[in-house]
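Every chain is numbered from 1 and lettered A, B, ... according to where its sequence line falls, protein lines coming before strand lines.
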Amino acid sequence: MTECNWWLMKSEPDAYSIDQLEEDRSTLWDGIRNYQARNFMRKMKKKDKAFFYHSNCKLPCICGLMKIEETHIIDPTQFDKNSKYFDPKSNKSNPRWDCVKVSFAEKFHKELSLQQLKGLYTGEQLIIVKKGNRLSITPVNQIIAKDILKKVNSNF
DNA sequence: GCCAACGTTGGC
DNA sequence: GCCAACGTTGGC
């Protein structure tokens with residue numbers, strides 16, 4: 001049996017929180033308008049796991065776990081003129097942006113704050129703690145992922 | 001609000 | 001292809 005890949009995906013809790021995902025059960029991770037982040041998303045496979053990271057809030061932290069349900073979905077917001085993610089440069093014959101569908105897996109009882117993460121890992125081990133990192137989607141090394149699960153007492 | 005670290009844009 | 005100007009992200 002092959003192991004899944006692990007990822008970290010950021011969201012501002014004011015925009016979309018882990019609690020909202022728990023309520024929704026699943027959501028389209030749309031509105032990504034950064035090529036590096038998009039390209040990481042394109043590498044995702046069904047059944048991969050992703051840590052949910054709350055960014056730009058009182059306590060930036062890894063707060064939960066998601067499962068990748070579907071990949072390579074055309075991001076509908078790029079064609080929606082009423083969306084703040086509307087992209088006039090994209091076109092339907094060659095869409096510029098795509099996304100994945102994620103589902104709720106777990107809300108961690110113990111969150112791991114950015115401050116804690118900085119004490120535990122280097123920027124090489126976990127890109128989120130790298131100085132100046134702004135990527136909203138990054139891969140997570142499998143060994144580090146397992147370590148994070150232990151640290152948060154994950155049931156997973 | 002500041003600012004570092006990028007990414008994007010557009011003139012040349 | 002270079003690079004200056006500008007925009008965005010996100011911790012602090």
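Judged by distance alone, the side chain of A:N39 and the main-chain N or O of A:Y35 form a donor-acceptor pair under 3.5 Å. For the pair A:K49 (side chain) and A:K47 (backbone), a donor-acceptor distance under 3.5 Å is present. Proximity of a side-chain donor or acceptor of A:Q20 to a complementary backbone N or O of A:S17 within less than 3.5 Å is not detected. Judged by distance alone, with hydrogens and angles left aside, the side-chain atoms of A:H109 form no donor-acceptor pair with the main-chain N or O of A:V152 at under 3.5 Å. The backbone N or O of A:C61 sits nowhere less than 3.5 Å from a side-chain atom of A:E111 that would complete a donor-acceptor pair. Counting only distance, with no hydrogens or angles, the side chain of A:S90 and the backbone of A:R96 share a donor-acceptor pair below 3.5 Å.
Ring geometry for A:Y16 against A:F52 counts as parallel: the plane angle stays under 30°, on a 0 to 90° scale with 60° as the upper cut.
If one axis is set at each end of the helix from B:dG1-C:dC12 to B:dC12-C:dG1 from five pairs, those axes are 10° apart, to 10°.
Residues from residues 75-91 of chain A with heavy atoms under 4.0 angstrom of DNA chain B, sorted by number: A:K89.
Contact annotation: the side chain of A:I18 approaches that of A:F104 to within less than 4.5 Å [non-hydrogen atoms, C-beta and beyond].
Taking the 5' to 3' direction, DNA chain C first and last meets chain A under 4.0 angstrom from a heavy atom at C:dT8 to C:dC12.
Evaluated for a side chain to side chain contact (heavy atoms under 4.5 Å, CB included) with A:K151, the options A:L112, A:I62, A:L117 yield exactly one hit, A:L112.
For A:E106 and A:S154, the side-chain atoms include at least one donor-acceptor pair closer than 3.5 Å.
Among the protein residues, A:K130 comes within range of no part of the nucleic acid, since none of its heavy atoms lies under 4.0 Å from any strand.
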